[in-house]
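One structure below.
Atoms within each ligand, like the ligands themselves, are counted from 1 in listed order. Counting begins at 1 with the first residue of the sequence. The analysis underlying the following values was restricted to heavy atoms, covering all of them including side chains, and did not include hydrogens, waters or symmetry mates.
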Amino acid sequence: MKIVGLHCSSTDLHAGQIALIKHGSRLKNCDLYFSRKPCSTCLKMIVNAGVNRISYWPADPEISLQNEVSNPTSTEDAKLDAKAVERLKSNSRARVCVLLQPLVCYMVQFIEETSTKFDFIQKIAKSQPDCNTDFYTACRQERIKEYESLFLISNEEMHKQILMTMGLENLCENPYFSNLRQNMKDLVLVLASVAASVPVYGYFGFYKSGSQQTNEADDQCLPQDVARHCMIQATLLAYRTEDHKTGVGAIIWAEEKSRGCDGTGAMYFVGCGYNAFPVGSEYADFPHMDDKQKDREIRKFRYIIHAEQNALTFRCREIKPDERSMIFVTKCPCDECVPLIKGAGIKQIYAGDVDAGKKKADISYMKFGELEGVSKFTWQLSPLHTNALEFHDPTARENGVQKTKSLDDQQHQSKKLCLGHY
Ligand SMILES: Nc1ccn([C@@H]2O[C@H](COP(=O)(O)OP(=O)(O)OP(=O)(O)O)[C@@H](O)[C@H]2O)c(=O)n1
């Protein structure tokens, strides 16, 4: 499977319309994933492009289908549109279905426990030995609250009514309804746990590492919230690893010269990957041992494809020399990958720096520190505030976790996943 694009709605266009503009008839046979059921404006074009499957999150984040009292005309429109969507669905070849695979047992617990092991949490914990990792729990609680309000509908009756209007009455009876809500909740918990592993905490963030020779434009760090968002994506990918021990995720974005229309500002998705054995291989085809195993022949390192290598191989866009392209990796790039990243023309690396400068038996991390010509940003305390872990403004913190800026909050709240009527 290869990801060919990630889009969200802009002021003028819905996410589905943007996918259509960006990819045109290349959408043929693709699978599309929506954070809500697409409206007829998007669906008719997508169906027409010949897509294979459309999966959507079974909720309506704007609750536009429920605002009958406050806004009868738009609710009427929303209901008409829901009917049109049903007709498009039943009369088209594409499979239109609910996006929800129940998670395997213990997955939520596994992710919650392991996400504290990521570099980003460990660095903070090490810098303040007395504070243990409680800040992780506080940060996770904040993310849970935020994502629940975005992705779940707290009132069960209202959720049932929305499902009915969407043509999902088969999910409104128990135990199906409660299973559906539990599955949705589990995914929210997974997302919140992973997001909390790259926390908003004090003056920690991605800052330039070392004194490097690069051109000025490439030296500019992304806003911290954008960098964190992309690293969370990479961290989610790391959970797909085929390595028993170490999961690594990587995602490449680039910045267009002109501002795009796809709701991601000027940034566009280039590719992503995680560490795994060659495509098509079966579980026992290759060795899985690490370099503590004496017999070198049964170690994994000569076989496993690194996260950055998969992101570069399965990218959907070219890396243009005159655009600022950036890779986000959850671990320090190793000596095999550093020349590949530079050779591919990537301008910025955002990474954790676990193992940086280490020479292990079969994998080394020596070149990252010496790398010139690519800007490197690693997770650390802001160099301007090295001794200032505490905020001067006490209102900026809550349970030890920095609160999101109110302006960001407002922008986030007003961002609709699919603008306009349903
Ligand atoms: N930037 C990186 C760094 C490592 N890896 C992957 O991470 C694993 C190796 O991780 P590492 O921690 O160096 O070695 P391990 O033997 O797994 O663990 P240990 O730290 O105990 O040596 C390999 O699958 C390698 O493909 C990767 O994809 N991208």
Problem set entry | Among W379, F269, Y350, the one residue meeting ring-ring contact (aromatic ring centres under 6.0 Å, His included) with F328 |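 For F328, the ring-ring contact (aromatic ring centres under 6.0 Å, His included) test succeeds with only one of W379, F269, Y350, which is Y350.
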If you count the atoms of ligand 1 from 1 in the order shown, which ones are under 4.0 Å from a heavy atom of [X]?
{"X": "D290", "answer": "16 (O)"}
{"X": "F301", "answer": "16 (O)"}
{"X": "K292", "answer": "19 (P), 21 (O), 22 (O)"}
{"X": "Y365", "answer": "3 (C), 4 (C), 10 (O), 11 (P), 13 (O)"}
{"X": "I363", "answer": "13 (O)"}
{"X": "D243", "answer": "8 (C), 23 (C), 24 (O)"}
{"X": "K300", "answer": "15 (P), 16 (O), 17 (O)"}

For this session: State plainly whether the residues D353 and K123 are in salt-bridge range, i.e. N to O under 4.0 Å.
Result: yes
Exercise. Applying a 4.0 Å heavy-atom criterion (strictly less than), which segment of A250 is in contact with ligand 1: side chain, backbone, both, or neither?
Worked result: neither
Exercise. Can you list the steps and then say if T114 with Y239 is a side chain to side chain donor-acceptor pair (under 3.5 Å)?
Worked result: CA-CA 10 Å; T114 50; Y239 277 103; 2.8 Å; yes
Exercise. Closest heavy-atom contact between Y365 and P333?
Worked result: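 Looking at all heavy atoms of both residues, the shortest contact is CD2-O, 3.8 Å.
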Problem set entry | Ring center gap for W57 and F34 short of 6.0 angstrom | no
